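Computed from heavy atoms alone, side chains included, the values below leave out hydrogens, waters and symmetry copies. Bear in mind that the values here come from a model prediction, so they are computed numbers and not experimental data.
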Amino acid sequence: MRLVKARIQNYRSIIDTGEFEVEKLKTIMVGPNEAGKTIVLRALQQLNKPKDVSGFEALRDYPRSNYNDITTGRVLIEDITVVTGWFKLDEDDKEAIPTEFHDCIYKLSKNLDNKLYHSLENAPSKTCYKDIRNDLSRFIAHLDKQHAIEYPDKETEKPSGILNTITKNWNDNTLISADKADDLQSFLENNFALVEEGNDKEEQRFEKLKNLIQLNEQRDSVLRTLDKRTPVFILFNNYFKVKPSIHLAHLVERTEKNLLDDSYYDYGNLCLLKLLGFTARELSELGSTQSPKMNDTEALKAYKDKLDSRSYQLNAASVKLTDEIRKVWMPNPERPEADKLKVTADGQYLKVVVEDDIGVDIELDQRSEGFQWLVSFFVVFFAEAMDKHKNAILLLDEPGMSLHGLKQRDFRETITRLAEKNQTIYTTHSPFLVGPDELDIVKVVEMKSRRDGTKIHNTISSSDPAGLLPLQEALGYDLAQSLFTQKKNLILEGLTDYWYIEATSELLRQADIANLDNKIALVFANTAGKVVYYATILHAQKLKIAALLDSDSAGDQAAQQENLIHTLGNKNIFRTKDYCKNVTKPEIEDLLRETLINIVDSKYSINCKEVADSQPSRSIISIFTKEVPNFSKYDLAKAFIRWCKDNDSSKLSADEIEGWKSLINDVNKALK
């Protein structure tokens, strides 16, 4: 089960974020300080938090400016929804429930009073009396008729009389609850013998009624099943750090006497103990217990068993942590940062050390900050998730901030590997944690004013330039890295063009239909008018250059610039009209016309095929703009990228494949 959409309301700086999408594997949230990114993660965790994490507290968590509404009784905390999540079912979830519920969406919400509510969307609707009344009436008429034939001289009560006793207080909207279903089920089974033998129509009606009557209980059963399968949300931030040396007696005193002012201070340490399977007191007492006398065999054995148990559990935890860290922490595979992580107990001290490649034990705090962060992360992750870690959603607050910029870029791949098994949402200010090919999974968090509260944008948009700064820096860094390093360059008008070229060429490459030269750098200029500037700069470095321009008015204007023609020559200026049939002024989207029509139908539930077929010369973007409310080219390109992840080139039309194959071959030839 994975989270596909969420909404947060009435929580600290958040009035209402609006519904925002969550990506299949990894979602990145960017925004300026005080925008509310951390608060978003904390709210999401409440959908299914680990047991030791506190729930909502109205005094602390309800927006302060509106708190008077609670104290005066204008609103009740049990009526205030704080966080809602929509979950899509995985294949193993579907195997656990009936087939008719396989396409449903599981909706889970939590109110300020910490009560959870769940429901199903896109599932068979609940059965009310009106849904079965007509079939039940016809079935009863048949039973009464057969009853009269079967018992002509007996004064036994007719089936209709028995049914009237059951349904006498029901109306059309009466829900068929469990007790009502039991009564109806017993009635039908007790009277089934009256059905005329060989009467298929009434036998089918009997089965239909039985299924409808059982549907509500079946629905409740599905909800109970999915409730148990809801992923646990593991929140990790930079405060949760495992200390390299823990004095157990002091930890016992602080925790048992509740002397901690900051709940973060020992959180990592307590998680380590939880992972080991000991309380602080158990380890402390074991460390202070003196060995029994040699002649006390039973006491000596019990003492030895405790020491061995401690040793084995510490060793098992060490092996587990080492294995997991080696899987994801691979900045230099030829020289791993840690050969072995060891958790040891020595008297009153619990120590975490790293054995390096020459066998020397080094305390954890003498390793890099980034490595300490990763060790602490896995300790918290395994402790909080425990046996549910394979079904956990990771919430990372500003991960890897202690790393150098280039190391953050490597760590971005570490997060990607984690996300392959555990859906991950993380916040960041760093441009190095946002890849240039990951802009489609970015959400911008901003707060224009305290009155409006925190908002989350599904598109790359923000009224605050600081919110977009990590994205601009990420693109700028990538552009600076690629601008003069590749000898072959294809200049595109904008970011969405980049996405379409990248995603479609990969589909065709996998099918061995067309292979865009991987040495060609794709450079997007943001607008058609800026293509000439990029071309001039690259040309000055004596690099090979080509450009792809739409055949709309902006593309025509750019293609006619003398400087661009002089720099590239006509043969290296490609136009979408050369690869798209029928359309008068095609844009790059018209090269995927049929596929995008299907995607729009799926995403917006608006079928534009009839309009597009009746106006084949009109660009598909102009059709979408007219037919689809609040249409966004950015959203469409993003939806296409998602579509590519779940489909292959066989789902493209023949015309689309032909056009893209021709374009890719021409680009390869021009930049050969």
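No side-chain heavy atom of Val445 sits less than 4.5 Å from a side-chain heavy atom of Val30. Looking at Ile97 and Thr225, their side chains come closer than 4.5 Å, going by heavy atoms from C-beta outward. No side-chain heavy atom of Asn422 sits less than 4.5 Å from a side-chain heavy atom of Ile393. Looking at Arg219 and Phe101, their side chains come closer than 4.5 Å, going by heavy atoms from C-beta outward. Looking at Leu396 and Thr424, their side chains come closer than 4.5 Å, going by heavy atoms from C-beta outward. Under the 4.5 Å side-chain criterion, counting only non-hydrogen atoms from C-beta, Val600 is in contact with Phe624. At a threshold of 4.5 Å between non-hydrogen side-chain atoms, the residues Leu25 and Gln423 do not count as touching. Proximity of Leu194 to Asn191: side-chain heavy atoms (C-beta onward) are separated by under 4.5 Å at one or more points.
Residue pairs that meet the ring pair (Phe, Tyr, Trp, His ring centres under 6.0 Å) test with at least one member in residues 106-133, sequence neighbours left out, are Tyr106-His118, Tyr129-Trp170. A side chain to side chain donor-acceptor pair (under 3.5 Å) check over residues 79-92, counting only residues at least two apart or in different chains, returns the pairs Thr81-Asn111, Trp86-Glu121, Asp92-Arg229. Annotation: ring pair (Phe, Tyr, Trp, His ring centres under 6.0 Å) contacts involving residues 588-614, sequence neighbours excluded, are absent.
Side-chain atoms of Ser622 and Ser619 form a donor-acceptor pair, as typed in the model, at a separation below 3.5 Å. For the residue pair His457/Glu446, the side-chain donor-acceptor check at 3.5 Å is satisfied. For Thr595 and Glu656, the side-chain atoms include at least one donor-acceptor pair closer than 3.5 Å.
Between Glu23 and Lys638 there is a salt bridge, since at least one side-chain N of the basic residue sits less than 4.0 Å from a carboxylate O of the acidic one. Residues Asp613 and Lys609 are paired through a salt bridge, judged by an N-O separation under 4.0 Å between the basic side chain and the carboxylate. Between Lys5 and Glu19 there is a salt bridge, since at least one side-chain N of the basic residue sits less than 4.0 Å from a carboxylate O of the acidic one. Remark: Lys37 does not engage Asp397 in a salt bridge, criterion side-chain N to carboxylate O under 4.0 Å. A salt bridge links Arg593 with Asp590: the distance from a Lys NZ or Arg NE/NH1/NH2 to an Asp or Glu carboxylate oxygen falls below 4.0 Å. Using a 4.0 Å cut-off between a side-chain N of Lys or Arg and a carboxylate O of Asp or Glu, Lys651 and Glu594 do not qualify as a salt bridge. A salt bridge does not link Asp172 with Lys130: every distance from a Lys NZ or Arg NE/NH1/NH2 to an Asp or Glu carboxylate oxygen is 4.0 Å or more. Between Lys126 and Asp131 there is no salt bridge, since no side-chain N of the basic residue sits under 4.0 Å from a carboxylate O of the acidic one. Using a 4.0 Å cut-off between a side-chain N of Lys or Arg and a carboxylate O of Asp or Glu, Arg205 and Glu202 qualify as a salt bridge.
With Trp660 contributing its side chain and Leu591 its backbone, the two residues share a donor-acceptor pair below 3.5 Å. In this structure a side-chain-to-backbone donor-acceptor pair under 3.5 Å is missing from Thr428 to Glu398. Side chain of Ser186 to backbone of Asp183: no donor-acceptor contact under 3.5 angstrom is found. Side-chain atoms of Glu203 do not come within 3.5 Å of backbone N or O of Val195 as any donor-acceptor pair. The main-chain N or O of Ala511 is never found under 3.5 Å from a side-chain atom of Ser649 such that the two would form a donor-acceptor pair. One N or O on the side chain of Asp93 and one on the backbone of Met1 form a donor-acceptor pair closer than 3.5 Å. A donor-acceptor pair under 3.5 Å is absent between the side-chain atoms of Ser221 and the main chain of Glu217, judged by distance alone. Arg7 places no side-chain N or O within donor-acceptor distance of the main-chain N or O of Thr17, the cut-off being under 3.5 Å. Looking only at distances, a side-chain donor or acceptor of Asn164 sits under 3.5 Å from a matching main-chain atom of Ser160. In this structure, the side chain of Lys110 does not engage the main chain of Asn114 through any donor-acceptor pair within 3.5 Å.
Relative orientation of the Phe206 and Phe192 rings is tilted, given thresholds of 30° and 60° on the angle between their planes.
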Show, in sequence, the C-alpha distance, side-chain angles and deciding distance for Asp655 and Ser653, and conclude whether the side chain to side chain donor-acceptor pair (under 3.5 Å) test is met. CA-CA 5 Å; Asp655 286 344; Ser653 71; 5.6 Å; no

Passes side chain to side chain donor-acceptor pair (under 3.5 Å), Asn134 versus Ser137? Steps please. CA-CA 5 Å; Asn134 292 339; Ser137 297; 5.4 Å; no

Does Glu196 form a salt bridge (Lys or Arg N to Asp or Glu O under 4.0 Å) with Lys201? I'd like the steps, not just the answer. CA-CA 10 Å; Glu196 182 182 13; Lys201 184 176 181 180; over 6 Å; no

Please determine whether salt bridge (Lys or Arg N to Asp or Glu O under 4.0 Å) holds for the pair Asp635 and Lys603, giving the CA-CA distance in whole Å, both sets of side-chain angles, and the decisive distance to 0.1 Å. CA-CA 10 Å; Asp635 276 349; Lys603 179 176 175 62; 5.2 Å; no

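One finds the CD atom of Glu78 at 6.0 Å from the CG atom of Asp113 (value rounded to the nearest 0.5 Å). Separating the CG atom in Leu188 from the CG atom in Leu163 is a distance of 8.5 Å, to the nearest 0.5 Å. One distance of note links CG of Asn598 with CG of Leu652; it measures 10.5 Å at 0.5 Å rounding. To the nearest 0.5 Å, atoms CD1 (Ile606) and CZ (Phe631) are separated by 10.5 Å. Rounded to the nearest 0.5 angstrom, Thr504 OG1 and Ile657 CD1 are separated by 10.5 Å. For the atom pair OH of Tyr67 and CG of Asp61, the computed distance is 10.5 Å after rounding to the nearest 0.5 Å.
Within 6.0 Å of the NZ atom in Lys24, the count of heavy atoms belonging to other residues, nucleotides or ligands does not exceed 12.
In terms of heavy-atom proximity, Pro399 sits nearest to Thr427 at CD-O, 3.2 Å. Closest non-hydrogen pair, Arg60 versus Arg64, comes out as O-NH2, 4.2 Å. In plain terms, the two heavy atoms of Asn48 and Pro231 that are nearest each other are ND2-O, 3.1 Å. When all heavy atoms are compared, the tightest approach of Ile28 to Leu433 is CD1-O, 3.8 Å. Closest heavy-atom contact between Asn173 and Cys128: O-SG, 4.0 Å. Residue Arg451 comes nearest to Ile15 through the heavy atom pair O-CG1, 3.7 Å, listed as atom of the first residue, atom of the second, then distance.
In this structure, Trp499 has its ring center under 6.0 Å from that of Tyr634. For Tyr11 and Phe56, the distance between ring centers is under 6.0 angstrom.
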